[in-house]
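Small disclaimer: the values here were computed from a predicted structure and weren't measured.
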Amino acid sequence: MGKRRKNNLQLTFNILPIDERATRLAVEEYVETVRQYRQIGFVRREAAITQAYSYREHQSTNTISKQTEEIATYNVDKEAELATKDKLLELAMSRLGSVQREVIQRSYLDDEGIYDAIICHEMNPPMSDRTFRRIKTDAVFILATALNLTKFINGTEEDTDIAAG
C-alpha cells in the first residue's frame, strides 16, 4: 500500500493517523484465531501426573501448587473467549457488503494457502487484482474498526522511522 493523503477529519480534529500495517496484522491475527477455532475447536489442557524419580531439593516457600485449578480456569476462560471472538467476528462480517464479505471469507476463513490472484479470478464476477486488493483493504479496515483493533501511530513519522531503523 502506498502513502495515503491525510484525511480531512484527521487534520480538522487532530486525530492520530492509523498505522495501516499494524492494524492489518492485528485483524489477520484475530481472524486466524477464529479460523483455527472454527476448524479445530478448542483443545483443552490436561494436568500432567507424571512422577519425577530424581531427588530435588526445595526450599520452604509455603506456596501451594494449584495446577488443576489453573488448568480448569484456563480451559473455561479460553473457550469462552474464543466463542466470544467468533460471535463478534460474525457480527462484524454481517456489517460488510456482500463482495467484501466474500473476499474476507475466501481470503482468511476458507482453506489456507490459496493465493489472492487465484481467488480474485474465481469470484463471480471475476475481478482484477487491483480491485480485489482495494476491496480487501477496505474490508480489513472496516473489521478493525468494528472489532476495536485499530492501531494508531504515536508521534511523528520521523520518530517511527528512527524506531524502525
Task: Asn75 and Phe42: CA distance, side-chain angles, deciding distance, side-chain contact (heavy atoms from CB on, under 4.5 Å) verdict - done: CA-CA 9 Å; Asn75 286 341; Phe42 176 69; 3.9 Å; yes

Are [X] and [Y] connected, step by step, through hydrophobic side chains (Ile, Leu, Val, Met, Phe, Trp, Tyr) whose heavy atoms are closer than 4.5 Å?
X: Ile119; Y: Tyr115; answer: yes
X: Phe132; Y: Val99; answer: yes
X: Leu89; Y: Leu149; answer: yes
X: Val27; Y: Leu109; answer: yes
X: Ile135; Y: Phe141; answer: no

TODO: For the residue pair Glu28 and Tyr108, confirm or rule out a side-chain donor-acceptor distance under 3.5 Å.
DONE: yes

Open item on the list: Is it true that Asp110 and Gln105 share a donor-acceptor pair across their side chains at a distance under 3.5 Å?
Closed with: yes

Can you find a pair of side-chain heavy atoms, one from [X] and one from [Y], that are under 4.5 Å apart?
X: Tyr30; Y: Lys85; result: yes
X: Thr73; Y: Val76; result: no
X: Glu102; Y: Asn124; result: no
X: Ile18; Y: Thr150; result: yes
X: Glu122; Y: Arg106; result: yes

Distance (rounded to the nearest 0.5 Å) between [X] [atom1] and [Y] [atom2]:
X: Leu88; Y: Asn148; atom1: CG; atom2: CG; value: 10.5 Å
X: Lys78; Y: Arg45; atom1: NZ; atom2: CZ; value: 8.5 Å
X: Ile142; Y: Leu147; atom1: CD1; atom2: CG; value: 11.5 Å
X: Glu20; Y: Leu25; atom1: CD; atom2: CG; value: 12.0 Å

- [ ] I would like to know whether Asp19 and Arg21 meet side-chain contact (heavy atoms from CB on, under 4.5 Å); could you show each step before the answer?
- [x] CA-CA 6 Å; Asp19 186 353; Arg21 184 166 190 250; 4.1 Å; yes

For the [atom1] atom on [X], are there more than 12 heavy atoms of other groups (residues, nucleotides or ligands in this structure) within a distance under 6.0 Å?
X: Arg95; atom1: CZ; value: no
X: Glu81; atom1: CD; value: yes
X: Gln39; atom1: CD; value: yes
X: Asp77; atom1: CG; value: yes

Task: Test salt bridge (Lys or Arg N to Asp or Glu O under 4.0 Å) applied to Glu69 - qualifying residues, sequence neighbours left out - done: none

Open item on the list: Evaluate Thr137 against Arg134 for side-chain contact (heavy atoms from CB on, under 4.5 Å), listing each step before the verdict.
Closed with: CA-CA 5 Å; Thr137 302; Arg134 183 180 46 80; 5.9 Å; no

Inspect the contact between [Y] and [X] and indicate whether a charged nitrogen and a carboxylate oxygen are less than 4.0 angstrom apart.
X: Arg133; Y: Asp116; result: no
X: Glu90; Y: Arg38; result: yes
X: Glu79; Y: Arg44; result: yes

Task: Met123/Val103 under side-chain contact (heavy atoms from CB on, under 4.5 Å): CA gap, chis, key distance, verdict - done: CA-CA 9 Å; Met123 293 191 60; Val103 166; 3.8 Å; yes

When you measure from the side chain of [X] to the backbone N and O of [Y], does any donor-acceptor pair fall under 3.5 Å?
X: Thr23; Y: Lys151; result: yes
X: Ser94; Y: Leu91; result: yes
X: Arg101; Y: Leu96; result: yes

Task: Closest non-hydrogen atom pair between Ala146 and Ala92, with its separation - done: CB-CB, 3.9 Å

